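Each remark here refers to the structure printed beneath this line.
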Amino acid sequence: MSRQSTDVVVTGLGATTPLGGNVAQTWEALLAGRTGVRRIDDADHEWVERHQLPVKIAAPLAVSPTEVLPRVKARRMDRCEQVAMVAAQEAWEHAGKPEVDPERLAVVIGTGIGGAVTLLDQDDLLESGGLRKVSPLTVPMLMPNGPAAWVGIEFGATGGVHAPVSACASGAEALAWALRLIRSGEVDVVIAGGAEACITGITVAGFVQARTLSQRNDEPERASRPFDVDRDGFVLGEGSGIMVLERAEFAAARGATVHGRLAGAGITSDAHHITGPEPEGTGQSRAIRKALETAGLQPSDVGHVNCHATSTVAGDVGESRAVVKALGTHPVLTAPKSALGHMVGAAGAVESIITLLSIKEGVIPATLNLDRIDPGVELDVVSGEPRKVDLEAAVCDSFGFGGHNAAVAFTRA
Amino acid sequence: MADNAEILTGLAEIVEEVAGIDTAEVTPEKSFVDDLDIDSLSMVEIAVQAEDKFGVKIPDDQLAELKTVGDAVSYISSHQ
């Protein structure tokens, strides 16, 4: 393993997820084997019954962002922007509120969908009450750069605010761009991650029609089952994960606590199909290899892969092939979506936090519901209990509709 | 028809709802922009809510002239 000339360290973590309102609660719940998946055919989601949707389960946030943010601040933001703000505030505090020249501070926060809830609500108001009922905040609430923009305003980042949009790979791709920004010498600190909050009738209906969601309504806690032979699709989640990333020398100079290193990142595209992954996993394995190359790591250095594994029939097996092709059969896998559901544009960022914590804490959370592993997956997947490990390096995979592949590599502090 | 005191109270409630400013701070001499730090987007929200509450029309060119809370109270009072 050789250190890159520009090391990038992780100094702050923040998250709000279906398992908890912060990183500590989420991590504790993961290790305890709890699930964030539950029935949603209730008053808050009346559209499930109204449209007779065949999917009556999801993984909603454990803590509403409106319980955390001041009322007036929250009412100017879409829920997707609110979750980004909650996670960014935690990450910034965790990093010790770095004193940084605003021009050397950037934000990269991606989302898959953006302000879907606002778009729907405001369209209802336009239809029922006409023009004057539409909020002047409609566009800033629904725009996919909104989460990044709000966080940039909050922390005074004038070094550039970016919002990669690559469906379910957005959160991981944001970390990849943050790494590139710091390595290019353009900035010293980046607030980076992903945000998503789109559990709505139209997104659920759209995913149902694409035949991607689990319909295991009678056993919500068993619905998300990556790598299991009886998997029947993913469970839609919502949340945000944010990291504070710094040039290593900058973090050292201010005496920051380092939790690990963002050592490398690879982005590739399949150019194959608008939703389906390229079946041989070539694009995915190239992303993993690029992550290793930019990290100066060898496949043998990587002891663990935190998988994208959404619990769809095609996706999970394809990913396992890509892992073997890029790294070999030695890495130990886990699939956090078994507990968190699929947080779309936030998934890669939250799962990157979990990957980093697995290295730091020396333990990999178990994949829930892995009763019988798919025979096409000839790899060691942690199930049953969390596994104690001693990791030098780990990779987090994220793939998205559109053929987006992103892999990020972390190493220990 | 609301009198000026009632209009001020109602307007202060709207400002509190939209911008989170304590109703006691919303007094006639205060400038919406310079004193209460209300941006143009929030002013549109306040105007729409005031139109509903007091049954008046506040066209955009008139809204731009309402610099202070007192200006708004006078406008609403004379256009009810």
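Bear in mind the structure is a predicted one, so any value in this text is a computation, not a measurement. So that the names make sense, note that chain A is the first sequence line, chain B the second, and so on, each numbered from 1.
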Considering residues, nucleotides and ligands other than A:Glu103, do more than 12 of their heavy atoms fall under 6.0 Å from its CD? no

Within 6.0 angstrom of A:Ile153 CD1, more than 12 heavy atoms from elsewhere: yes

Measure distances from A:Lys133 to the heavy atoms of chain B and classify the residue's part below 4.5 Å as side chain, backbone, both or neither. side chain

Less than 4.5 Å to any heavy atom of chain B: does that hold for the side chain of A:Arg132, its backbone, both, or neither? both

I need the contact set between [range] and chain A: heavy-atom distance under 4.5 Å, sorted by residue number.
range                     : answer
residues 13-32 of chain B : B:Glu16, B:Glu17, B:Val18, B:Ala19, B:Gly20
residues 34-55 of chain B : B:Asp39, B:Leu41, B:Ser42, B:Val44, B:Glu45, B:Val48, B:Gln49, B:Glu51, B:Asp52
residues 62-80 of chain B : none

Close approach to chain B in residues 75-94 of chain A, criterion heavy atom under 4.5 Å: A:Arg75, A:Arg76

